[in-house]
Amino acid sequence: MTGKQVKNDGQLDMYLVEDAHEAIIDRETFDRVQKMKGQMKHKGQIEQIL
């Protein structure tokens with residue numbers, strides 16, 4: 001081991017584990033915020049909302 005990080009481009013198996021821990025917010029709220037973020041054109045708009 002060299003301590004250097006190497007991106008896994010398919011050399012090793014990858015796994016996606018869903019619902020591995022309790023969510024901080026519900027999925028519906030998360031999806032709505034992601035949609036809002038995608039609609040905003042400038043970073044300043046996000047900061048104004050927060």
Side-chain angles (χ1 to χ4, degrees):
M1 295 185 69
T2 64
K4 181 178 178 184
Q5 290 185 353
V6 178
K7 184 172 181 173
N8 180 10
D9 287 323
Q11 303 90 337
L12 301 171
D13 291 338
M14 292 186 268
Y15 301 93
L16 173 64
V17 180
E18 295 182 355
D19 300 323
H21 56 82
E22 184 178 347
I24 297 171
I25 61 170
D26 59 277
R27 174 60 68 177
E28 181 182 342
T29 302
F30 175 82
D31 290 338
R32 282 191 359 236
V33 170
Q34 295 307 304
K35 184 177 178 182
M36 289 170 59
K37 284 176 54 179
Q39 293 172 347
M40 295 184 184
K41 296 180 182 184
H42 301 287
K43 182 180 176 185
Q45 289 177 322
I46 295 173
E47 291 172 351
Q48 287 175 356
I49 291 174
L50 299 175

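Keep in mind that what you see is a predicted model, and the values were worked out from it rather than measured.
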Write down the atom of Asp13, the atom of Asn8, and the distance for their closest heavy-atom approach.
O-ND2, 4.0 Å
Counting distance only, does the side-chain N/O of Glu28 pair as donor-acceptor with the main-chain N or O of Asp26 below 3.5 Å?
no
Quick one: CZ on Arg27 to CD on Gln34, what's the gap to the nearest 0.5 Å?
9.0 Å
Residues that Asp31 engages under side-chain hydrogen bond (donor to acceptor under 3.5 Å, both in side chains), provided they are two or more places apart:
none
Approximate separation, where rounding is to 0.5 Å, of Lys35 NZ and Lys37 NZ:
15.5 Å
Remaining members of Ile25's ILVMFWY cluster at a side-chain heavy-atom cut-off under 4.5 Å?
Ile24, Phe30
